[in-house]
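To find a chain, count down the sequence lines: A is the first, B the second, and so on, and within it residues start at 1. What's counted below: heavy atoms across the whole structure, side chains too, no hydrogens, waters or symmetry copies.
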Amino acid sequence: MHNLKEIRKDFENFIKSIQKRPIDINFNLLKKLDVKNRELIQKKEALEKEKKEISKSKDENLFNRSKEISEQLIKIIEEQKKIKNELDIILSNIPNVTHSDVPNGKNENDNVEIFKSGKKPNFDFKPKTHYEIGEKLKMFDFDLASRTTGSRFVFVKDKLALLERALSNFMLDKHMFKNGYQEISPPLIASEDTMYGTGQLPKFENDQFEIKFDEGSDRKFLIPTAEVILTNIVKDKIVDLKDLPMRFVASTPCFRKEAGSYGKDTKGMIRQHQFYKVELVSIVENDKCLEELERMTNCATGILDDLCLPYRKMILCTGDIGFSAEKTYDIEVWLPSENKYREISSCSSCSTFQAARMKTRYKNQNNELVNVGTLNGSGLAIGRTLIAVIENYQLEDGSVIVPEVLRPYMNNLEKISPN
RNA sequence: GGAGAGAUGGCUGAGCGGUUGAAAGCACCGGUCUUGAAAACCGGCAAAGGGGCAACUCUUUCCUGGGUUCGAAUCCCAGUCUCUCCGCCA
């Protein structure tokens, strides 16, 4: 959420920086509403002042005037609220300003590679897809899931379920004991204002699973990522400078409608309505965002290094970067069956954008109250890591070698073979 | 599900129709004292929004939304959330 006061100072420049993204915002209307809004506020405050003075004077002769003012106020306040509302709707749909490091571009094709890492496996056979391997092992069951639930769900069974759990535990341990994150086991359901805080609402309502609660209760949503619930830990708070940075990690299921990607990745578990993800969130001083982003991204790539999976680091262009982010790195893992890299982590600095929405502030060195910076990143998406392990560690006979670092989490199992 | 209690500033907590934006304490910031620190003492310390180049000033805000009143943190109604007890249950 942008601060109108700040925008007003240099409106033209603000528009220019926002328009690096492919968006359609009616800035003229925004400007007009802002002017109108302030007019009404001034009118309102003048009347309120008069009313206040009458009540202070306790002069009975003026009581009628006071009643009159009250009636006028009702109308003005109503109109002002309406204007303010329209203003807020426009404002809450304006994305974050991208950082100057972010390359200009239209879409994902314009993202820029920073580096590649790891050695791609050399197969002397045609590598199978993860779902071919998983189904042959009888440890993925998509058909069963479509019967019990619907499309884009899966049953993971037996050793692959164990592998999935091992990945989760391995990542959690590393982030907790080596990388300094505090583990959280959060609610998987978020309220409307929580979803608003991180920017999922109002613009991306179509992607969210809303839950039917009791009649009359507030709206509730299944979290699309733990980012939502972890970042909102500091919602409506003035946090202590000495508590910063705060670093949280959680392994949770994530729920997404994936509306608008109906034709994409229909096979296998690349794109599911439900998947596990280990999420990293940092709450930092607002001038520490970029250095924290590097740190966080290193925490994510560190996992891939440990798993010996080949990957590359990308910086997203202005056309592909997310709504709340000022700067984002995507980590893409190598998938032999597709012969390309696929996103496995996305690490973003949201600068003070989410904090402004959540009303999270701290007193900085100069004793000024300012918004914190927030960051989030996957460390990593479990489902896709599972895929990457299966495909990169496959053998010709359809069995899968267990990466060494995971073996302690799997009763020292070295290889997953058909039963 | 039944019965009660509550929601006040960064935190704890008073106030229960008229300079109350709100006592007190803690925390925090500045100062005195001290070789330094602690303690003690003195002073400061809510946020959002509007106007102003600024000094500054105005308005709003005591869970949320309505209502009563010239005037509401304080009274009335509705809602949300939290806590305690009982029941049920993983």
Side-chain angles (χ1 to χ4, degrees), chain A residues 1-11 30-92 185-197 210-221 229 232-246 253 283 285-286 352-372:
Chain A
M1 180 69 118
H2 297 284
N3 186 335
L4 251 182
K5 249 188 193 167
E6 298 299 318
I7 294 178
R8 231 179 262 141
K9 281 186 197 158
D10 194 353
F11 197 66
L30 177 74
K31 208 169 181 176
K32 226 159 74 187
L33 288 170
D34 178 41
V35 171
K36 182 78 184 152
N37 181 239
R38 283 183 293 154
E39 265 173 35
L40 287 167
I41 286 173
Q42 284 170 47
K43 240 196 235 177
K44 181 186 88 160
E45 290 186 354
L47 288 172
E48 278 169 344
K49 189 177 179 197
E50 191 182 343
K51 189 174 157 180
K52 205 172 176 180
E53 272 159 9
I54 293 173
S55 120
K56 254 186 197 165
S57 74
K58 300 184 198 170
D59 180 348
E60 286 182 38
N61 300 316
L62 294 173
F63 286 178
N64 274 335
R65 170 64 188 152
S66 179
K67 278 186 180 174
E68 213 177 285
I69 291 173
S70 297
E71 276 165 33
Q72 284 180 40
L73 270 175
I74 288 172
K75 279 185 205 145
I76 292 175
I77 288 172
E78 198 187 332
E79 197 187 344
Q80 191 263 335
K81 267 189 187 163
K82 222 180 88 196
I83 301 278
K84 181 71 168 56
N85 216 311
E86 287 178 53
L87 205 51
D88 283 344
I89 288 171
I90 296 179
L91 269 179
S92 58
S185 173
L188 305 179
I189 293 173
S191 64
E192 189 175 6
D193 54 334
T194 293
M195 295 286 279
Y196 174 85
E210 182 166 3
I211 305 198
K212 200 170 173 186
F213 246 64
D214 293 336
E215 220 52 55
S217 102
D218 294 342
R219 300 177 73 192
K220 310 265 190 224
F221 299 83
I229 202 85
N232 275 282
I233 285 175
V234 291
K235 176 159 84 84
D236 292 315
K237 283 240 176 265
I238 296 179
V239 297
D240 253 320
L241 178 58
K242 61 174 185 280
D243 292 333
L244 298 178
M246 297 164 94
I283 314 293
E285 293 173 63
N286 60 12
T352 57
F353 186 81
Q354 293 180 323
R357 291 175 158 246
M358 295 188 300
K359 301 188 172 63
T360 306
R361 292 156 298 170
Y362 72 102
K363 251 187 200 153
N364 66 14
Q365 315 280 2
N366 304 326
N367 243 334
E368 303 158 322
L369 259 194
V370 291
N371 288 121
V372 298

(message) Side-chain N or O of A:R361 versus OP1/OP2 of B:rA48: is the shortest distance under 4.0 Å?
(response) yes

(message) Taking 4.0 Å as the cut-off, does a side-chain nitrogen or oxygen of A:R38 come that near to OP1 or OP2 on B:rG51?
(response) yes

From C-beta outward on [X], which listed nucleotide comes closest to its side chain: [options]?
X	options	value
A:K81	B:rG71, B:rG66, B:rG50	B:rG66
A:N367	B:rA48, B:rC29, B:rG10	B:rC29
A:S66	B:rA47, B:rG18, B:rC70	B:rC70

(request) Name the residue closer to the 5' end of RNA chain B, choosing between A:K237 and A:F63 according to the nucleotide with the nearest heavy atom. (result) A:K237

(message) Let me spell it out: for each of A:K242 and A:D34, pick the nucleotide of RNA chain B with the closest heavy atom. Which residue's pick is nearer the 5' end?
(response) A:K242

[X] [atom1] to [N] [atom2]: how many Å, rounded?
X	N	atom1	atom2	answer
A:K359	B:rG9	NZ	C1'	17 Å
A:I77	B:rG67	CD1	P	10 Å
A:I54	B:rC70	CD1	P	12 Å
A:I74	B:rU60	CD1	C1'	17 Å
A:D88	B:rA48	CG	P	16 Å
A:K363	B:rA47	NZ	P	6 Å
A:L73	B:rG67	CG	C1'	16 Å
A:Q365	B:rG30	CD	P	12 Å

Measuring only the [atom1] atom in each nucleotide, how far is [N] from [M]? A whole number of Å is fine.
N	M	atom1	result
B:rG51	B:rG15	P	40 Å
B:rC76	B:rU60	P	24 Å
B:rA23	B:rC62	P	15 Å
B:rC86	B:rG17	C1'	38 Å
B:rU8	B:rG13	C1'	9 Å
B:rG71	B:rC53	P	35 Å
B:rG67	B:rA47	P	30 Å
B:rU61	B:rG21	C1'	9 Å

(message) A side-chain contact here means heavy atoms from C-beta on lying under 4.5 Å apart; do A:Q365 and A:L241 qualify?
(response) yes

(request) Using salt bridge (Lys or Arg N to Asp or Glu O under 4.0 Å) as the criterion, point out the one residue from A:K31, A:K32, A:K36, A:R38 that pairs with A:D34. (result) A:R38

(message) At 4.0 Å (heavy atoms only), tell me whether A:K56 reaches a base, stays on the sugar-phosphate, or touches nothing.
(response) nothing

(request) Mind checking A:L62 for me? I need base, sugar-phosphate or nothing, with any heavy atom below 4.0 Å counting as a touch. (result) nothing

(message) By the definition side-chain contact (heavy atoms from CB on, under 4.5 Å), identify the one residue from A:Q80, A:K82, A:Q42, A:K81 that meets it with A:N37.
(response) A:Q80

(request) Report the secondary structure of RNA chain B in dot-bracket form, marking unpaired bases with a dot and bases paired to a different strand with |, and treating Watson-Crick or G-U pairs with both distances under 3.5 Å as paired. (result) ((((((((.[[[..)..(.....]]].(((((.......))))).((((((....)))))).[[[[[..)....]]]]])))))))....

With rounding to the nearest 0.5 angstrom, report the [atom1] to [atom2] distance, [X] to [Y].
X	Y	atom1	atom2	result
A:M358	A:T352	CE	OG1	10.5 Å
A:S57	A:K52	OG	NZ	13.5 Å
A:N371	A:N3	CG	CG	8.5 Å
A:L4	A:K84	CG	NZ	7.5 Å
A:K58	A:E60	NZ	CD	11.5 Å
A:I283	A:D243	CD1	CG	11.5 Å

(request) May I ask you to decide whether A:R65 forms a salt bridge with A:E68, counting only side-chain N to carboxylate O separations under 4.0 Å? (result) yes

(message) Just checking A:E368: does its CD atom have more than 12 heavy atoms from other residues, nucleotides or ligands closer to it than 6.0 angstrom?
(response) yes

Set out, line by line, the N/O atom pairs under 3.5 Å between protein and nucleotides 57-59 of chain B.
residue : atom : partner : partner atom : Å
B:rU59  : O3'  : A:E48   : OE1          : 3.3
B:rU59  : O2'  : A:E48   : OE1          : 2.4

